[in-house]
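Comments concern the structure below.
Protein chains get the first letters and strands the later ones, always in sequence-line order, with residue 1 at the start of each.
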There are 2 protein chains.
Amino acid sequence: MDRRITKKGDDDASGKERPTLKTLAFMTGLGVTTVSRALKDAPEIGAETRRRVQLVAKQIGYRPNRAGVRLRTGKTNVISLVLNTEHELMSFVSDIIYGVTEVIADTPYHLIVTPYSRSQDPLDPVRYLVETGSADGVIISRTQPNDPRARYMLERGIPFATHGRTDMGLVHPYHDFDNYAFAAEAVRYLAGRGRNRLALVTPPVGLTYHGHTVAGFADALSEVGASEVPFNTVSIDQSIEQIRMRTAQLMRRKDRPDGFVSSAAAATLAIVAGIEDAGLKLGRDVDVVSKQSSELLHLFRRELLVVNENFRLAGSELARAVLGWIGGADPGTLQSLSTPSEVLPYRG
Amino acid sequence: MDRRITKKGDDDASGKERPTLKTLAFMTGLGVTTVSRALKDAPEIGAETRRRVQLVAKQIGYRPNRAGVRLRTGKTNVISLVLNTEHELMSFVSDIIYGVTEVIADTPYHLIVTPYSRSQDPLDPVRYLVETGSADGVIISRTQPNDPRARYMLERGIPFATHGRTDMGLVHPYHDFDNYAFAAEAVRYLAGRGRNRLALVTPPVGLTYHGHTVAGFADALSEVGASEVPFNTVSIDQSIEQIRMRTAQLMRRKDRPDGFVSSAAAATLAIVAGIEDAGLKLGRDVDVVSKQSSELLHLFRRELLVVNENFRLAGSELARAVLGWIGGADPGTLQSLSTPSEVLPYRG
DNA sequence: TTGGCAATCTGTAACGTTTCAGTATATTGA
DNA sequence: TCAATATACTGAAACGTTACAGATTGCCAA
């Protein structure tokens, strides 16, 4: 046995170091190239050799070195989730992350979270990712009808999926919740309870689902013959205090609404607080239909009427979509729309 | 101008490709080595050369290739946040992520989220990270007094920080909320309101802060001469329905508590629901002091008494701690404890 | 027998970076 | 003047992987 002190032996396959292709090559007596190809089931490798290599690889727990692969091929095995650090709903963040990780769990992919803040152009983080080649695929939220990020990534040919749809005549993977249906159903439900002066707490202006929600609300209003009490000064991006104050103001007017449709649970808490600040009672003076992503609103007030939106599902669908695109699928087939549950009153 | 068709010119520094050290070397007329050293302010590079290289690098927007660095040096520039996909509080996830990203924003670090589920050994994801060398630093939560993950990483010499303390006589960076103080203050406050039969809704059994909370609760009880109503069947890891049901059961007994201390906001919602299920009224029949991480509990019931825990701060502190350790600081100096706010009643 | 060809396998180069071991030039001391 | 030394720079090798362009073998048709 020759022992090398300073230099790491060319042919060492011993001890503690993480195994590489070279280790495998030495152990099997094959060339590095052959091992590499055998591991990825290349056709020009003999069936027995392939099995042998794969067996040894499994035995010693070989895992390809990510840096090596990435340097050579450009493939990062990374999916990036781009998040706004000020405006995302907090349940959104955790659920969507879990949804994504669920899907990529048995793939070589890692999930990196790329944040951006209010002050930044939302395009910044995306540009960074693309320019530095930091990810094979990107997931973005807060999608706009004419979304520069989607356009940018489409131009550069980097796979992505959007939470929410765009409206630019360009085709790309997305997952969306049917907010049109949500708003429309909410209105119909309220009308069914005799409410006919309705206010809408909208999603952030500028995002695509704002438009969907407003349209669903408006269409159903005219369908059931109810009328809208304008409440445009409020959207779910605002602070709890703002929403609460504005709601209280609104509810003290005599032309106040007798029903609300709210696009987010946190806003709903504020709405209810505002209603009660004005001395009115939920369920008697006014009904509120709200979206929620966790089952907490009914604990808050049983009189609330809720519709569930599943962000974990959204995360999974988005991850599946990006992976699909990376895998070469047609982007047009990687689009999904999630149908709202019916409006649910408190059940015993 | 010679144009090479198939091969990429050895000396090309033209068009669209991302600039590398080679590009910079060509542009400055220096060797690749010199450029590399000049960019990292090595002493043996002439002052003018250094400035020149750095200027050009900035001009053309050079960014080191992560794969190249990682392959050569083993440095990943990645921090991994290890999360349990079933039991983490949802506000915890989003806030801690934002806290971490805030700190690493102007560093070369990326944040990757490494999940593990109920069925898995919590050591699994950590072992994976260490074995594959996927991160320079790790942040873990749900810390236990004798935590195999901390021990493992300490043995392997990989920098990490824990959310919550361990109790193994080993020193490592952590950030923790002073749950002993929280529980004790809560008890004192309740006693001040004349409540003297108190129940504790504990953190998950087995985690370090369970012990801290229980101890703070017990010590303050004897200090103020109040007594504990055992409620050991419930912890904040359980489902909303479970907690609610158990609470209702408890509150129907005649030896029921007149005060609760709750370690998490979601559990508190269930506690209150259970109290009301039993026909009792918050603030009259019973008081509840609860930790919360977002300011929502007072919207839920004004009678609630809250103490704020800032997870975003925790995320920042943890990130700072890991980066500090990576940077060579003494782990013993990278520990922080966050003091609870006082108990806050609803303020107008 | 020979040429051709399929089936398997292999060495070399390259991705972008840093480190090692220099080299070239100027400067110093005697 | 010469050697020693400091200063400023450089090429080659290596990290682990994959793609390219062969190389070797055996078999079969002619």
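Counting any heavy atom pair closer than 4.0 Å across all strands shown, B/T20 reaches sugar-phosphate atoms only and no base atom. A/G31 comes within contact range of the sugar-phosphate backbone alone, with a heavy-atom separation under 4.0 Å but no base atom that close.
Taking atom NZ on A/K22 and atom P on D/dT17, their separation rounds to 10 Å, with Å as the unit. A straight line from CZ of B/R50 to C1' of D/dC9 spans 13 Å, rounded to a whole angstrom. Counting to the nearest Å, the C1' atom of C/dT18 and the CG atom of B/D41 are 16 Å from each other. Across the protein-nucleic acid pair, A/E44 atom CD and D/dC20 atom P stand 12 Å apart, rounded to whole Å. Rounded to a whole Å, the CG atom of B/L24 is 15 Å from the P atom of D/dC9. Put simply, CZ on A/R37 is 21 Å from P on D/dG16, counting in whole angstrom units. The NZ-P distance, from A/K75 to C/dG16, rounds to 19 Å in whole Å. A straight line from CG of A/L39 to P of D/dT17 spans 9 Å, rounded to a whole angstrom.
Closest to the side chain of B/L30, from the set D/dT18, D/dT10, C/dT17, is D/dT10. The side chain of A/R72 sits closest to D/dG16 out of D/dG16, C/dT8, D/dC9.
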task: Could you walk me through whether A/R320 and A/E317 pass salt bridge (Lys or Arg N to Asp or Glu O under 4.0 Å), step by step?
output: CA-CA 5 Å; A/R320 252 187 281 275; A/E317 288 296 313; 3.8 Å; yes
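Comparing A/P43 and A/V32 against DNA chain C, the residue whose closest nucleotide sits nearer the 5' end is A/P43. Mapped onto DNA chain D by nearest heavy atom, B/T33 and A/N65 fall at different nucleotides, with B/T33 at the one closer to the 5' end. Looking at which nucleotide of DNA chain D each of B/L71 and B/I45 is closest to, the 5′-most match is held by B/I45.
Heavy atoms of other residues, nucleotides or ligands lying less than 6.0 angstrom from CZ of B/R37 number 12 at most.
Taking 4.0 angstrom as the limit, B/T49 places none of its side-chain polar atoms (N or O) nearer than this to OP1 or OP2 of D/dA8. Contact annotation: A/K40 side-chain N/O to D/dT18 OP1/OP2 distance is under 4.0 Å. The phosphate of C/dT18 (OP1 or OP2) has a side-chain N or O of B/S36 nearer than 4.0 angstrom.
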Show every donor-acceptor pair shorter than 3.5 Å between a side-chain atom in residues 52-64 of chain B and any protein atom, with sequence neighbours excluded, or say none if there are none.
unit_1, atom_1, unit_2, atom_2, d
B/R52, NH1, B/T28, O, 3.3
B/Q54, NE2, B/A38, O, 3.1
B/Q54, NE2, B/D41, OD1, 3.0

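Between A/F311 and A/F92, the ring-plane angle classifies as perpendicular under the 30° and 60° cut-offs.
Side-chain contact between A/I97 and A/L111 is present, with at least one heavy-atom pair separated by less than 4.5 Å.
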